[in-house]
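Note that the structure is predicted; figures quoted are calculated from it, not measured. Letters go in sequence order (proteins before strands), and every chain restarts at 1.
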Amino acid sequence: MDQLASLSELDPRALREAWDRAFAPRRRDEREWRHAFGDGGAARLEGVGATRDGAVQAFFGSSSLRGRVAGRAARLGHVVDSFVSPARRAGLSGARLLVECGVEHFRLHGGADSTVVHYGWPVEAALRVGERHLGYLPLRREVVLYAEVGAGGGSPPAEVLALAGFDARHDRLWARLAAERPSCVDHDAAFLAWRVGDHPSRSYECLGVSNGEGELAGMLVLGSGESLHPSSLAVVDWLVPEGDDDVARILLEAAKARARASGVALLLAIVPTRSRAFATLQLAGLRPHDSGRVLCARSFEPRLFERDLRAQLWTTLLDSDLV
Amino acid sequence: MDSGPGGFDSHALPPPCALGRHSPPPSSASFRALNPDLIEIRPVRRDDEAAVLEAWHAAFARLDPEARRTSAAWRRMWLGAPHGLHAQAAFAADGTCLAHFGGLPMRLRLADGERRAYLVVDSFARLEARQGLARDGLLARCCRAFIAASMSKEGGEWAHGFPVARAWELGRRLLSYEFDDEVRLWTGPLESFERLARAGGLEARPASIDEGIDRLDLEVHAGLGRIVRSRAHLAWRLPDDGVACEVRDASGTLRGFAAARESMLLGEPHLCLLDWIVAKHDDEAAAALLAHLAAFGRRSAATRVALLASHLDPHGARWARLGLVLVALENTHACFVAGRPDEARALARQVHLTLLDTDLA
């Protein structure tokens, strides 16, 4: 008989062993980074596992992150690291077990006083299960924007700054951006320090443009795009206020230069299809292509209609575990 | 087709708790006063035209005062369909139409054979007869009657449509709608269609609507799911107020076909590319057709062009090269297959649709 237990009740060692059986074994530092516990950090893992005879059979969880929903401070949960152990995957019982964990997870960790919106990009089979049993709302098929960068020079425009570390300038830039993005994870200095600066196995590069008075007019984060295309550099975060087209153009030129310098064929980006950035990037020469990934959400905010969530939820690749 | 921006005639919308909040129209008794036992749900017949049109206007005119559907347009849409009239409606004892759910039948050609497709349009409940998310609401009952009469698990008929946001939410919860994607358009200035350099002596001219178009379509879109462009289908679906043109080579072989009309989209008049059948690398034919369409557009009020984006469109890169950009609408492409819930979305991913296959323009 399987027993359901919340993350804090699960034996950490049994959970680690189960994760390693379900996914490729991870380095300890990567696991600890991803599964940051406690409310003080940018992220905290929440979840529910099913155990039998002391072994974890399945787990459903979200990385709960600070952000805003419909303009109000709230937590959003990125559904990650959910699995059924390989031995239990055959037939319907595996899906049923995952659904049981998911239902309990949302009962414990979904709500206005906990994590208001959970989101993710499930594979097709998980999407079907999620729609039928876990209240997933499919919001959009993500469109990946790409540009062939060609060969040639690798120097970014002179106005571009290589940013090291994250400070109050990032918070002030984010304060401007947050006003344009009513439902999103906060990409402020603390988040960037955790997600970009502290990542144990992936490296990123942050490029910014100053407004001439010591403030950041805009910035982007570059990282490998190989999960989407084997020879690509990705704009994994786009932190440019709407309408600052000059800043956008300079940063994209810099990103293309970096891509050329690193010898990859493509520059990629994913931004919401309803956003102005989606048009800005296309007008700058990036072309759209179906990514095959569907953004889904489960909302616990009764005042937030599905149509509003679809229009508002601002995600970039940095909100996923693809980069 | 005539309801103005956004194509919201796909479905009438259920305002929250609408029942009883609005005064009923003078032509009908209060829905709450109606005896549910006296409401009849049955197939729509030719002689229901007046009642259905009255209900259509009652449902849509409140949302869009510009929404108008003439008798001729209704007859053409529903009675002119080559594969018959497939719609169900709820009628009060006095003959008032309270709700309507229908699909325009079409042939869908897939890599493994043909099946019936329905374009779901004109699905609505009049305001005073809406029952929110009640499972036994009249719209849901009409939908179930439609499925029972026109679809079957064995037949695998694919029903799809482009509901606006609130209608999608209702369809997802009550009518088994499956999500395919948000609806996106390629848009840009009218001049975009003139950017493809003309080469050779090909000229586009008004199209001859014959079976050659479907043969070209089969060749150009081999392996893709397509609504069959038979002569009868095109005669039914191509609007009278648009343009349909073709390009033939010196031997008379059809090289390309295109159709467009002016329509309100995104709040302004657009030259809407309804259909586009040209080999992927045939720039010569493409340039001739686009120049012909642009000339038509210059005689209209449209200053911009629009066409339905499809991830299967062989010409996607062409539209980007011409400077068009993708814009997302609030509509959803939704679909369902009776008794086979996992199949609808998989089918949708195989079918390359154009605006001609929709009610958006």
*Any chance you could lay out the side chain to side chain contact (heavy atoms under 4.5 Å, CB included) test for B:Ile277 and B:Thr354, step after step, and finish with the verdict?*
CA-CA 10 Å; B:Ile277 308 172; B:Thr354 66; over 6 Å; no

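Your options are A:Arg140, A:Glu306, A:Glu131, A:Arg287, and the one with the most heavy-atom pairs under 4.5 Å with chain B is A:Glu306. Of all the listed residues (A:Arg141, A:Arg132, A:Gln282, A:Arg128), the one sharing the greatest number of non-hydrogen pairs under 4.5 Å with chain B is A:Arg141.
Ion pairing of A:Asp244 with A:Arg176 is present here, as a side-chain N (NZ or NE/NH1/NH2) and a carboxylate O approach within less than 4.0 Å. Looking at B:Glu169 and B:Arg166, no side-chain N of the basic residue comes within less than 4.0 Å of a carboxylate O on the acidic one, giving no salt bridge.
The aromatic ring centroids of A:Phe106 and A:Phe300 lie less than 6.0 Å from each other.
Contacts of B:Arg321 with chain A are made by both backbone and side-chain atoms, with heavy-atom separations under 4.5 Å. Only the backbone of A:Leu139 comes within less than 4.5 Å of a heavy atom in chain B; its side chain stays farther off.
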